[in-house]
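Below, chains carry the letters A, B, ... as their sequence lines are ordered, and counting in each starts from 1.
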Amino acid sequence: MKPYTLFSDTPSVQEPSQDAAQAILSGLNTSQRQAVEASDGPVMIIAGAGSGKTRTLMHRIAYLLALRKAWPSQILALTFTNKAAREMRERIGKLVGEDKAKELWMGTFHSVFSRILRREANRIGYNQDFSIYDTDDAQGVIKGLMTAMAIDAKAVSPRAILHKISSAKNQLIRPADYGRYVNGVVDEAAARLYQPYQDQLRRNNAMDFDDLLIKPIELFQKHPDILARYQERWKYLHIDEYQDTNHAQYVITRMLAATHKNICVVGDDAQSIYAFRGADITNILDFQKDYPQAVIVRLEQNYRSTKKILQLADSIIKKNKDQIDKTLWTDNSSGDDITLLEALSEKDEATKVEQNIRHIHLNYGLPYRSFAILYRTNAQSRSLEDALRRGGLPYKIYGGINFYQRKEIKDAVAYLRLVVNPTDNESLKRVINYPTRGIGAKSMERVAEVAHKEGLAYWHVLEKLSQLGFPPAAHQALDKFRFMIGKYAAHLSSLPAAELARELLAEAGLMQELRQENTVEALARWENVQELLNAIAEYEQEFIDDGNGTIVLSRFLQEVSLLTDADNDEGNDNKVTLMTLHASKGLEFPIVFLTGLEENLFPLPQAAADPKQLEEERRLFYVGITRAQEKLYLAFARTRFKYGKWEDSLRSRFLDELDASVLKTEGGGRWSSQKATGIRTTATEAGRWRSGPTQGNSYRVSAMNTPPPLKATPKPPQGRRMVYDEEYTASQPIVPGQKVYHESFGTGKVIAIEGVGDQAKATVFFREVGQKKLVLRFAKLQVVE
DNA sequence: AGAATGGACTTTTTT
DNA sequence: AGTCCATTCT
């Protein structure tokens, strides 16, 4: 048996096939062909938007397989999202066979190297069952340390500190060297916390996202034998979206490519939009310096968009200084003008978008999936969602909080992590008293104290509880918890993962907690946890021959930490897509709406102040524009609801930078920034514009075409009387069975009453929102006769 | 211990 | 507007 059976080494292509290779090349243009054929040595593909770069990468991999330059397991392809990897694998499967595609190493940096780290964990002082911490978990660690080190969390936010530490890690700056970069209070705090933070993660047997990139480098540096093995193993390296790789990723790839030097990177400097996350554009700009013998291929033909859309995109990107020179062109038709939608409020903007979609859908028969609505910040999705819901258009939304970040899922996952990896203090903290089981802050304080003093994990403190003299009630509660978790930990290898998870969550009381709340929201949460359990069962099915329950569960938990919303998407439901501009990278849609083109929103105020960041915002705008195939709409609103109040806004400076010759207004008129109808005026003037019928409501034009809302807001029924009112309390008691009306919940039926006077509470079942418990003094219920 | 109430604060973008 | 946190109430 081989010590490391990560991959099957069976050659999957028996004979080199020139015919197959020719077939793979035949669908490509000259430049793409060149990129595919340059198979040995370093290659950089500078690919413009919509030039078929993913397609080219895919054909390149298929070509290597057809010519039998490598076995599938010797090819590594690193993509920006899991979804991109999955799609590429599917399409390669169609070219050369699914069995071969299955064995390719494909995925994001994070997912590929988390698997490597799992294998080699013991070489860097970790256990293979390590937890992977997201930003929330990591912030929890920082907060804990700040308390322990008496750093005021109000003076410096844990989030800011974490961001500093994260960027230091991205740049491979070690804790000991961080002092040199200190500049300001946040840096100081970060400098003090960096090493303790790393130590704490290790004690928790946990890694954060950055560790998944740094630890492989540490591993390779400390163990050249391991590095050599992977260098040998991966004969061909492919990296998509190279412009968005950070320094750590750069170092990893340089290490891995050192032997064979068969590295092929694909990217577009004009689409670099992740600098805030440490993406380092010099990686792509300096590729030729690192590999002087590199073949550079430019893909400049755009297959996606109309001439006018391309012209518009070109006009905006030209405003940026630093970029690799390239000229995009297309054979596509010139298409329609780009339409500018000027709205009075964000609600009006959303309505206009909705109406345009409806109109095109009805008159031209385009399916809903052809439409995308893009925005700068997640918060903007709400008004758009409302409009689509009112109009009855099906939609799906990416981003915001994804499935695995929901509270109930994080709670459930924390239980499972704790069983798999008991030293995970963060997970323990999260669930030890949820659902409540009498372990309060006091008890946990003491546990933390002992843990800190003796350098133990919380779990190990629980294990020696009897020596610590806790009060009997607390002792019993803690011991019961330890016993429960310990029992499942002991069953890890004997029980199937899905079954174990189900029983644990039931015994912990999590399912019941969600059930008994008896609201629509709680039911949805309960269903989410069920879905998690199903996912475990499904995963287990796939790995049924792969060993025991331990491996299934801990691998599942690790993979799940790296999934995003888009990864869960089937992609084939017929719905309008809503997402941030960032999330739209790599995608295309026949019709695209870019919304919220306003100063202080796009570009964001922080970015507008800094030329570098402003250029990145501009690239983001470029990315948005180039998502569109047929038709593009640019929308902005004069007022927007922000931080709880209405704010006037000015149209984005980006609109003034555009080539106006391909722009028209909604009415069909030519648009030019000079003649623009008072758009970019002062705030006061804009305020005058807004003072129509009512702020943020429907307006003359749009109101006429807007269909009535599907579900009218609940109206107080006639013949009502106030039920709770100082005067009436005595004379108007509510009794179970009584029908009542509540201002925001609508009508409902009283199920039970408890307490008297000011303490009186009623349990009411509302038709719209389910069961609620209300304090009569505040609820202002009205009796419905 | 735990629930409830009131206040401050918030929003970039994400693997 | 919603969320998180601290303080107060039961």
Specify the separation, in whole Å, of atom [atom1] of [X] and atom [atom2] of [N].
X      : N     : atom1 : atom2 : answer
A:D136 : C:dT3 : CG    : C1'   : 12 Å
A:L478 : B:dA1 : CG    : C1'   : 14 Å
A:R437 : B:dA1 : CZ    : C1'   : 15 Å
A:M444 : B:dA1 : CE    : P     : 12 Å

For A:D348 and A:R638, what are the C-alpha separation, side-chain angles and deciding distance, and is it a salt bridge (Lys or Arg N to Asp or Glu O under 4.0 Å)? CA-CA 10 Å; A:D348 187 33; A:R638 310 178 132 275; over 6 Å; no
[X] with [Y]: basic N within carboxylate O range, under 4.0 Å:
X      : Y      : answer
A:E346 : A:R640 : yes
A:E617 : A:R376 : yes
A:R651 : A:E599 : no
A:R525 : A:D411 : no

Between A:H582 and A:F276 (judged by ring centroids, cut-off 6.0 Å), do the two rings come close enough to count as a pair?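 Distance test on ring centres: under 6.0 Å, yes.
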Matching residue for A:I252 among A:I217, A:V112, A:I239 - test: side chain to side chain contact (heavy atoms under 4.5 Å, CB included):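 Result for side chain to side chain contact (heavy atoms under 4.5 Å, CB included) with A:I252: A:I217.
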Dump every N/O contact between nucleotides 4-9 of chain C and the protein below 3.5 Å, one line per pair.
| residue | atom | partner | partner atom | Å |
| --- | --- | --- | --- | --- |
| C:dC5 | OP1 | A:K143 | NZ | 3.2 |

Below 30° counts as parallel, above 60° as perpendicular, anything between as tilted: where do the rings of A:F130 and A:Y126 land? perpendicular
Just checking A:N600: base, sugar-phosphate only, or nothing, at a heavy-atom cut-off of under 4.0 Å? nothing
With a 4.0 Å cut-off on heavy atoms, is A:S114 in touch with a base, just the backbone sugar-phosphate, or nothing at all? nothing
Assign a letter to each nucleotide of nucleotides 10-15 of chain B from its 5' end: B, base within under 4.0 Å of a protein heavy atom; S, sugar-phosphate only; -, no contact. -BBBBB
Nearest-Å distance once atom P is located in both B:dT13 and C:dC4: 15 Å
